[in-house]
Undergrad: 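Before I ask anything, here is the structure I am working with.
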Number of protein chains: 2
Amino acid sequence: MAAREYGQYCGITRALELIGERWALLLVRDLLVGPRRYSELAAGLPRIPTNILAARLKELQDAGILRRAPRSRVIVYELTPYGRELEPVVLALGAWGFKAMGDPRDEQIITPDSMTMALRTAFRPLVAADLPATVYATRLGPAELLVRVDGAALAVTRGDGPADLTFAAGPGIRRLISGELAPDRAIATGVVEVLHGRGELLDRFASTFHLAAA
Amino acid sequence: MAAREYGQYCGITRALELIGERWALLLVRDLLVGPRRYSELAAGLPRIPTNILAARLKELQDAGILRRAPRSRVIVYELTPYGRELEPVVLALGAWGFKAMGDPRDEQIITPDSMTMALRTAFRPLVAADLPATVYATRLGPAELLVRVDGAALAVTRGDGPADLTFAAGPGIRRLISGELAPDRAIATGVVEVLHGRGELLDRFASTFHLAAA
DNA sequence: CTGGATCCCGTATGATACTG
DNA sequence: CAGTATCATACGGGATCCAG
């Protein structure tokens, strides 16, 4: 038996053998947003040593979770269908871990891909289905994301564009998502800065994206 | 920053910092079944070194996931409410890992607690709600479990007792759960041995407990 | 006997430098 | 850009030992 196996005939055990190693599920998190090149993955996980990144990519490939795909002269890594089935796991972990997030510390960064998955985690399709289609352009730290909500469908893409509401926020956005901070208070205190559009649309945003706090 | 932190302000990252260490989620898995003593946890994870077990229990306690509770002179470890909120994570992982379980190897064991959580993972409350209440007494390797299904409610307890259907099975039970093996074929080939009750009740069992295969 | 603590060692991880 | 090579260290694994 391989040394790192748990020696149990059990689905949870098997899952942890495949994606339980350090950094593995964070790579899956970023690849759930879309295919990524090696350097993009490294940029999204600045603290991963490059040898570990290479090792994980190889292991996840051997496990059938991702594949290397040539895209016109460059290699991108993309999840296989089996790898994409990890999305419920990642979202469940994100919702659980959200409650244990304190206030951000200086050295903690926010990446576009992690923010995208956080928005997917917080998205409430049943609530959104009853609201008008809305486009939000957000600047969350270094992440510029265009968030399109149309009925129960959510699409988050990088970059800018025309939007019903454009706003910038720091990590304090967490308190808006958790409901600890009301939308109007968030604007009044400067946690959220409305750059364009009607500020009342932030109410809709907070209704659409919500996660229970601790 | 602690060396083992990922340096990102992200719920998934936070979750992995709390329960991403080796063995941690397996301890949670067993504690989701019920409070356990130190020696019971060690017995359920025969390959965990005792120092690691002690270290994990301390870390999980510091993280607010479990607590030490004195129960009439002995200490038991039990999940806190926040720890119990990991159940969706564990079930999602179990369902995903189920698809990657091959055939069992000799050194792979089945424990009562892991089997209990596997049954919870495979349980289909919406299907069970339309079926009569049923008690199954199962012997799955070393695990004797009494499985009570009543409407959409499932209760799995250790031990024996009166049941509508009593059966024994080895790890081949996986192919029954996945639908690869029909209930009558499972009995005919000896994968499942009916010890008491009408064998047709195994159909009901297979309808109630089902997980998609690869 | 339970519930650990201690010791030693191997391996995985991490930091950094280097290369096709 | 996409990794590989090298070295230091911290964690995991196994055996043993200890206190209540």
Side-chain angles (χ1 to χ4, degrees), chain A residues 1-8 13 16-28 30-31 34-63 66-78 107-109, chain B residues 1-8 13 16-28 30-31 34-63 66-78 107-109:
Chain A
M1 162 168 36
R4 307 293 293 180
E5 297 189 3
Y6 289 103
Q8 303 201 351
T13 303
L16 290 175
E17 286 166 357
L18 296 178
I19 48 79
E21 303 285 308
R22 201 165 157 72
W23 299 104
L25 217 48
L26 295 181
L27 288 170
V28 172
D30 288 359
L31 288 173
R36 291 286 179 268
R37 305 169 57 157
Y38 187 93
S39 52
E40 293 172 323
L41 292 171
L45 264 16
R47 295 173 62 87
I48 193 175
T50 158
N51 57 341
I52 300 294
L53 174 55
R56 288 292 170 278
L57 289 173
K58 214 163 294 178
E59 293 159 13
L60 292 172
Q61 189 182 352
D62 291 345
L66 58 79
R67 69 167 73 92
R68 298 173 50 138
R71 285 275 202 286
S72 67
R73 298 192 54 79
V74 299
I75 299 273
V76 298
Y77 295 88
E78 63 182 10
E107 76 279 8
Q108 290 186 314
I109 64 169
Chain B
M1 162 168 35
R4 306 294 289 181
E5 296 189 4
Y6 289 103
Q8 303 200 349
T13 303
L16 291 175
E17 286 167 357
L18 295 178
I19 47 78
E21 301 284 308
R22 203 165 154 70
W23 299 105
L25 216 48
L26 295 181
L27 288 168
V28 172
D30 288 359
L31 288 172
R36 291 286 180 269
R37 306 172 53 161
Y38 186 94
S39 54
E40 293 172 324
L41 292 170
L45 266 12
R47 296 173 61 89
I48 193 177
T50 157
N51 57 340
I52 301 294
L53 175 54
R56 287 293 169 275
L57 289 174
K58 213 164 295 176
E59 293 158 13
L60 292 173
Q61 188 183 354
D62 290 345
L66 58 81
R67 68 169 72 93
R68 299 172 50 136
R71 285 278 201 285
S72 67
R73 296 196 53 78
V74 298
I75 299 273
V76 299
Y77 295 87
E78 63 181 12
E107 74 279 7
Q108 290 186 314
I109 64 170

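All heavy atoms count here, side chains included; hydrogens, waters and symmetry mates do not. Protein chains get the first letters and strands the later ones, always in sequence-line order, with residue 1 at the start of each.
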Undergrad: Out of Arg68(A), Arg71(A), Arg36(A), which one pairs with Glu78(A) under the side chain to side chain donor-acceptor pair (under 3.5 Å) rule?
TA: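 When side chain to side chain donor-acceptor pair (under 3.5 Å) is applied between Glu78(A) and each of Arg68(A), Arg71(A), Arg36(A), only Arg71(A) qualifies.
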
Undergrad: Determine whether Thr50(A) and Tyr38(A) make a side-chain contact, defined as any pair of heavy atoms from C-beta on separated by less than 4.5 Å.
TA: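 Side chain of Thr50(A) against side chain of Tyr38(A), heavy atoms only: contact under 4.5 Å found.
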
Undergrad: Distance-only check: which donor-acceptor pairs under 3.5 Å involve side-chain atoms of residues 53-61 of chain B, not counting sequence neighbours?
TA:
| from | atom 1 | to | atom 2 | distance (Å) |
| --- | --- | --- | --- | --- |
| Arg56(B) | NE | Arg22(B) | O | 2.7 |
| Arg56(B) | NH1 | Glu59(B) | OE1 | 3.1 |
| Arg56(B) | NH1 | Glu59(B) | OE2 | 3.2 |

Undergrad: Work out which heavy atom in Pro46(B) is nearest to a heavy atom in Gln8(A); give both atom names and the distance.
TA: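 Taking Pro46(B) first and Gln8(A) second, the nearest heavy atoms are CD-NE2, 3.9 Å.
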
Undergrad: Quick check: do Val28(B) and Leu66(B) have side-chain heavy atoms less than 4.5 Å from each other?
TA: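 They are not in contact (no side-chain heavy atoms under 4.5 Å apart), so the answer is no.
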
Undergrad: Name the nucleic acid region contacted by Arg68(B), choosing base, sugar-phosphate or nothing; use a 4.0 angstrom heavy-atom cut-off, strictly under.
TA: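 Since only primed, P, OP1 and OP2 atoms lie under 4.0 Å of Arg68(B), the category is sugar-phosphate.
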
Undergrad: Looking only at heavy atoms, what is the nearest atom pair of Val76(B) and Pro35(B), with distance?
TA: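 Nearest pair, atom of Val76(B) first, then Pro35(B): CG2-CB, 4.2 Å.
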
Undergrad: Rounded at 0.5 Å granularity, tell me how far CG in Leu16(B) sits from CD1 in Ile19(A).
TA: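 Answer rounded to 0.5 Å: 8.5 Å.
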
Undergrad: Is the shortest heavy-atom distance from the side chain of Glu17(A) to the side chain of Tyr6(A) under 4.5 Å?
TA: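 A side-chain contact exists here, since the closest heavy-atom pair is under 4.5 Å.
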
Undergrad: Using a 4.0 Å cut-off to any heavy atom of chain A, which nucleotides of DNA chain D are the first and last in contact, reading 5' to 3'?
TA: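 For DNA chain D, the relevant span reads dC1(D) to dG12(D).
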
Undergrad: What string of B, S and - do you get for nucleotides 9-20 of chain C, 5' to 3', when a contact is any protein heavy atom under 4.0 Å?
TA: ---SSBBBB---

